[in-house]
Amino acid sequence: LKKLKDLFSKSFLPYVFFKNIRRVNENFNIFDSVDMKEYRYFINIGKYRLFSNRYCFQYNRNINPSKFNKILDIFKGKNDFFNFSHVGFKERLKKNTSRNIVSIFSQISTKDKHILVVRFVSKGFLRYQIRAIIGESLKCYEGLYSIEDLKAKLFSFSDTNLKYKYIASPEGLYLWKINLKKES
């Protein structure tokens with residue numbers, strides 16, 4: 001297994017890091033075994049950087065993390081994220097769009113004061129959910145609409161005009177960590 005770990009580590013560097021590899025039961029299913037996932041979204045709040053534009057969202061405007069966290073707080077807990085997902089109106093009847101965001105907060109990176117890191121922790125996310133939350137939250141931060149308007153998008157299920165309009169760039173979004181259930 002050590003040779004396999006070394007081979008994987010060399011093949012995926014610098015994008016994926018393997019802490020360890022272990023043998024699992026042939027019936028193992030990663031989707032059924034996830035306890036928690038952590039995503040991180042990196043936002044450049046400093047000057048434009050040519051060499052990080054593929055790895056970080058180039059917002060290039062200052063963001064006060066405590067003010068931004070007040071906006072992000074409305075997404076904590078169990079909510080129906082239909083309006084913040086790619087799920088269509090016809091699909092909605094077949095797909096559960098409720099998710100429980102255990103933790104969501106932003107902070108300035110300890111390594112680079114020009115990078116704002118937003119952490120999302122949940123058992124699972126919907127397609128485009130994180131990018132829609134970031135995009136809509138940034139527009140709220142800019143004053144395009146209020147926190148109450150954002151709450152209306154989150155808690156309204158019948159108004160077709162409340163589906164997200166702003167989506168953040170895919171650059172900057174990373175699956176950071178997956179915790180598996182103990183029995184897995």
Side-chain angles (χ1 to χ4, degrees), residues 1-44 52 54-57 65 68-88 91-112 115-138 153-155 157 164 167-184:
L1 289 176
K2 175 155 176 23
K3 286 183 182 180
L4 186 60
K5 176 185 170 252
D6 292 342
L7 177 68
F8 280 158
S9 293
K10 288 177 187 174
S11 299
F12 289 104
L13 276 176
Y15 307 106
V16 178
F17 174 76
F18 292 87
K19 284 185 173 180
N20 59 44
I21 292 179
R22 66 179 179 208
R23 197 176 300 272
V24 295
N25 184 314
E26 65 183 47
N27 297 326
F28 175 78
N29 182 331
I30 187 74
F31 298 106
D32 295 336
S33 301
V34 171
D35 184 40
M36 284 293 158
K37 290 180 184 177
E38 179 180 334
Y39 279 85
R40 292 190 185 180
Y41 194 86
F42 294 82
I43 303 172
N44 179 4
S52 69
R54 292 180 56 203
Y55 309 105
C56 186
F57 174 49
F68 196 55
N69 282 331
K70 286 179 183 165
I71 297 168
L72 295 173
D73 279 347
I74 70 166
F75 298 102
K76 285 183 187 173
K78 189 168 185 175
N79 293 295
D80 186 330
F81 286 95
F82 171 74
N83 287 331
F84 293 87
S85 74
H86 192 62
V87 176
E91 291 176 271
R92 185 170 196 188
L93 300 172
K94 301 174 196 168
K95 185 165 181 94
N96 178 6
T97 54
S98 290
R99 297 293 185 270
N100 182 22
I101 295 183
V102 175
S103 174
I104 178 174
F105 68 92
S106 66
Q107 66 185 44
I108 301 294
S109 170
T110 56
K111 294 179 182 175
D112 186 339
I115 302 295
L116 182 73
V117 181
V118 185
R119 262 183 88 225
F120 292 82
V121 178
S122 178
K123 181 175 170 56
F125 295 92
L126 297 163
R127 187 173 181 201
Y128 297 145
Q129 178 184 353
I130 293 173
R131 291 175 52 208
I133 289 171
I134 293 288
E136 293 287 316
S137 295
L138 285 172
K153 281 184 185 241
L154 183 61
F155 301 123
F157 311 113
Y164 71 87
I167 188 164
S169 165
E171 289 81 19
L173 179 61
Y174 297 91
L175 173 59
W176 200 256
K177 181 172 35 171
I178 298 175
N179 291 339
L180 300 177
K181 295 176 186 171
K182 295 289 186 217
E183 65 271 8
S184 299

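Predicted model, so just to flag it, every value in this text is computed and none were measured.
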| said: Contact between Asn83 and Thr97 at the side-chain level, heavy atoms closer than 4.5 Å - yes or no? | reply: no
| According to the salt bridge (Lys or Arg N to Asp or Glu O under 4.0 Å) rule, which pairs have a member within residues 95-111, sequence neighbours left out? | none
| field | Reported OG-to-CG distance for the pair Ser33 and Asn25, which is rounded to 0.5 angstrom | value | 10.0 Å
| field | Gap between atom OH of Tyr39 and atom OG of Ser122 - 0.5 Å precision | value | 10.0 Å
| task | Report yes if the distance between the aromatic ring centroids of Phe42 and Tyr55 is under 6.0 Å, otherwise no. | result | no
Using residues 123-133 as the side-chain source, report each donor-acceptor pair under 3.5 Å to any protein atom, sequence neighbours left out, with the distance given to one decimal.
residue : atom : partner : partner atom : Å
Lys123  : NZ   : Val34   : O            : 2.7
Gln129  : OE1  : Leu126  : N            : 2.8
Arg131  : NE   : Ala168  : O            : 2.7
Arg131  : NH2  : Ala168  : O            : 3.2

| Asp35: salt bridge (Lys or Arg N to Asp or Glu O under 4.0 Å) partners, not counting sequence neighbours | none
| note | Output for pair (Lys37 NZ, Ile178 CD1), nearest 0.5 Å, gives 6.0 Å
| task | To the nearest 0.5 angstrom, please state how far the OG atom of Ser103 sits from the CG atom of Leu72. | result | 10.5 Å
| request: Drop me the distance from Asn100's CG to Phe81's CZ, to the nearest 0.5 angstrom. | output: 8.0 Å
| request: Output, in order, the C-alpha distance, side-chain angles, deciding distance and verdict of side-chain contact (heavy atoms from CB on, under 4.5 Å) for Val121 and Ile104. | output: CA-CA 6 Å; Val121 178; Ile104 178 174; over 6 Å; no
| message | Could you walk me through whether Asn44 and Glu171 satisfy the side-chain contact (heavy atoms from CB on, under 4.5 Å) test, starting with their C-alpha distance in whole Å, then the side-chain angles of each, then the deciding distance to 0.1 Å, before giving a yes or no? | response | CA-CA 11 Å; Asn44 179 4; Glu171 289 81 19; over 6 Å; no
| Are any of the side-chain heavy atoms of Ile167 and His86 separated by less than 4.5 Å? | no
| request: Output, in order, the C-alpha distance, side-chain angles, deciding distance and verdict of salt bridge (Lys or Arg N to Asp or Glu O under 4.0 Å) for Lys10 and Asp6. | output: CA-CA 6 Å; Lys10 288 177 187 174; Asp6 292 342; over 6 Å; no
| Minimum heavy-atom separation for Phe82 to Gly88, with atom names? | CE1-O, 3.6 Å
| remark: Heavy-atom closest pair (Ser106 atom, Pro65 atom, distance to 0.1 Å) is OG-O, 3.5 Å
| note | Smallest heavy-atom separation, Ser169 atom then Tyr41 atom, equals O-OH, 2.5 Å
| Inter-residue atom distance Leu1.CG - Ile21.CD1, 0.5 Å rounding | 7.0 Å
| message | Testing Val118, Leu116, Ile43 one by one against Phe57 for a side-chain contact (heavy atoms from CB on, under 4.5 Å), which residue passes? | response | Ile43
| query | Taking side chain as C-beta onward, heavy atoms only, is Phe120 less than 4.5 Å from Ile134? | reply | yes
